[in-house]
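Please read the structure below before turning to the comments.
One-based numbering along the sequence shown. No hydrogens, no waters, no symmetry mates; every other heavy atom, side chains included, goes into these values.
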Amino acid sequence: MSDPSHITYTENLQKFLRLPQGGKLIAEYIWIDSEGGVRSKSRTLDEKETPYVPAELPMWNFDGSSTGQAPGENSDVYLQPVAVFPDPFRGAPNILVLAECLNSDGTPNKYNHRHECAKLMEAHAEHKPWFGLEQEYTLLDLNDRPYGWPKNGYPAPQGPYYCGVGAGKVVMRDIVEAHYKCCLYAGVKISGTNAEVMPAQWEYQVGPCEGIEMGDHLWISRFLLHRVAEEFGAKVSFDPKPIPGDWNGAGLHSNFSTKEMREEGGMKHIEAAIKKLEGRHAEHIAVYGEGNEKRLTGRHETGSIDTFSYGVANRGASIRIPRECAAKGYGYFEDRRPASNADPYQITGIIMETCFGAVSE
């Protein structure tokens, strides 16, 4: 899909990216804004013999009034480094720095959902919670039209596109492949990818990750996807239903287990957790993403947004227990309710809160 002018631009850019840096490195600070998007800016640091860890990195700040995170009269929002990854765009020794947003008084910013999630993960760490998230998304052109769709109307009905191979079945595979390699380089625990049921819709999986690492890796994977798509002049939509029509909506299915669930006899712990999830269905839906009512209709492999359900190998239920796990009597379950635009910190945090209890201040 790349045109010759883009290739020439990329080749010219590489000449500059290969220049020596004089003992310095570039740290790209990344944070989550008020609309669930990612923002970033760069700063120069001294290179050191051992890799930077978050505690060694300086705090920074940005104008929160320009991102919807602070008023103009008190606009400074602070960036507290929490995770470090190799930078696949600039290469070594440059780094990506994931940061939490703090208000000027040091309290968590309103849109900082990581802070509470981290407290829950720490409080219940003895259960060794493992998560795996399945991130679905749609690739759009600059006119917000899915790639591969006819200019007027809709493509042929779903059927040939899921895990499809070949022209006319999949589009924009170059973005998908580039994103996969960027994640691997950065150390993101990406575990796979596939084309989805709608043209221009794809999915990748991250995990298993333990505790707070799940949200950190998913957010960095989203940043990398936006950056790769930017290189190709494409937009990434995490809207659960970016185009109206008879299509499966995009989700962020959450696979979850604890050490008790993964051991012999773990099915009783899985069933106990599902019972607790049933009792807080409305609370989960409230943080499982915007526009989820367009997706959770009871059709297209979803349960109804108003009703909790579960079953073995049932993709039309709120919670699915894989058939293999049911046969063995232990393993994990899949929460199919989260929408593709949900915050992974809120998803994993409320699952821990529901299963093991809230954390007191």
Side-chain angles (χ1 to χ4, degrees), residues 1-3 6-7 9-10 13-14 17 28 30-32 36-40 83-92 94-98 131-142 144 146-148 161-167 169-209 213-240 242 250-255 338-344:
M1 62 154 285
S2 301
D3 59 46
H6 177 80
I7 293 172
Y9 165 78
T10 301
L13 178 62
Q14 288 302 316
L17 291 178
E28 191 74 13
I30 300 161
W31 70 95
I32 303 148
V38 285
R39 308 266 183 148
S40 75
V84 184
F85 299 82
D87 186 340
F89 303 107
R90 296 178 173 123
N94 306 297
I95 56 176
L96 305 176
V97 179
L98 181 65
F131 297 91
L133 291 177
E134 302 173 18
Q135 177 70 75
E136 295 177 336
Y137 63 95
T138 307
L139 292 169
L140 308 176
D141 63 24
L142 296 182
D144 293 329
Y147 277 100
Y161 313 114
Y162 173 69
C163 296
V165 177
K169 296 179 182 178
V170 296
V171 292
M172 308 299 283
R173 192 185 291 273
D174 41 5
I175 289 179
V176 174
E177 292 291 320
H179 174 247
Y180 205 151
K181 293 296 289 286
C182 282
C183 285
L184 291 173
Y185 181 93
V188 171
K189 292 184 177 179
I190 187 170
S191 50
T193 189
N194 58 269
E196 266 300 333
V197 300
M198 185 184 84
Q201 189 183 74
W202 290 83
E203 174 190 304
Y204 64 91
Q205 304 87 35
V206 177
C209 296
E213 181 184 62
M214 182 70 259
D216 292 348
H217 281 232
L218 199 281
W219 272 114
I220 289 295
S221 77
R222 285 178 172 178
F223 169 81
L224 294 174
L225 181 56
H226 281 295
R227 277 292 311 274
V228 168
E230 175 188 314
E231 292 287 327
F232 291 90
K235 297 168 70 174
V236 180
S237 173
F238 293 115
D239 190 314
L252 184 59
H253 301 162
S254 175
N255 301 293
S340 51
N341 58 9
D343 188 316

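- Atoms CD1 and OH, on Ile175 and Tyr147 in that order, are 6.5 Å from each other to the nearest 0.5 Å.
- When all heavy atoms of Asn255 and Glu134 are compared, the closest pair comes out as ND2-OE2, 3.0 Å.
- Between His179 and the choices Phe223, Trp202, Tyr204, Tyr185, the ring-ring contact (aromatic ring centres under 6.0 Å, His included) rule is met once, by Tyr204.
- Exactly one residue among Pro88, Pro86, Cys183 makes a side-chain contact (heavy atoms from CB on, under 4.5 Å) with Val188. That residue is Cys183.
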>> Assess the residue pair Gln205 and Asn194 against the criterion (side-chain contact (heavy atoms from CB on, under 4.5 Å)); give the C-alpha distance rounded to whole Å, side-chain angles, the decisive distance to 0.1 Å, and a yes or no.
In response: CA-CA 9 Å; Gln205 304 87 35; Asn194 58 269; 3.1 Å; yes

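- Taken from CZ in Arg90 to CG in Leu17, the straight-line distance is 8.5 Å, to the nearest 0.5 Å.
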> After noting the C-alpha distance and the side-chain angles of Val206 and Phe131, does the key distance pass the side-chain contact (heavy atoms from CB on, under 4.5 Å) rule?
Replying inline: CA-CA 9 Å; Val206 177; Phe131 297 91; over 6 Å; no

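- Counting heavy atoms from C-beta on, the side chains of Ile30 and Leu96 come closer than 4.5 Å.
- The number of heavy-atom neighbours closer than 6.0 Å to OH of Tyr162, taken from other residues, nucleotides and ligands shown, is 12 or below.
- Between Glu28 and Ser40, the closest heavy-atom pair is OE2-OG, 2.7 Å.
- When all heavy atoms of Ser237 and Leu140 are compared, the closest pair comes out as CB-CD1, 3.7 Å.
- Looking only at distances, a side-chain donor or acceptor of Thr193 sits under 3.5 Å from a matching main-chain atom of Glu203.
- Not a single donor-acceptor pair under 3.5 Å links the side chain of Thr138 to the backbone N or O of Gln201.
- Residues Val228 and Phe232 approach most closely at O-CD1, 3.2 Å, considering heavy atoms.
- In this structure, the ring of His226 has its center no less than 6.0 angstrom from the ring center of Tyr137.
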>> Evaluate Phe238 against Arg222 for side-chain contact (heavy atoms from CB on, under 4.5 Å), listing each step before the verdict.
In response: CA-CA 10 Å; Phe238 293 115; Arg222 285 178 172 178; 3.7 Å; yes

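- Here the CG atom belonging to Asp239 is positioned 12.5 Å from the CD atom belonging to Glu136, to the nearest 0.5 angstrom.
- Taken from CZ in Arg227 to SG in Cys182, the straight-line distance is 8.5 Å, to the nearest 0.5 Å.
- Contact detail for Asn341 and Pro240: the closest heavy-atom pair is ND2-CD, 3.4 Å.
- Minimum interatomic distance between Tyr180 and Gly192 (heavy atoms only, all atoms of both residues): OH-CA, 3.5 Å.
- With values rounded to the nearest 0.5 angstrom, Asp216 atom CG is found 11.0 Å from Lys189 atom NZ.
- Between the CG atom in Leu133 and the OG atom in Ser254 there is a gap of 5.0 Å [rounded to 0.5 Å].
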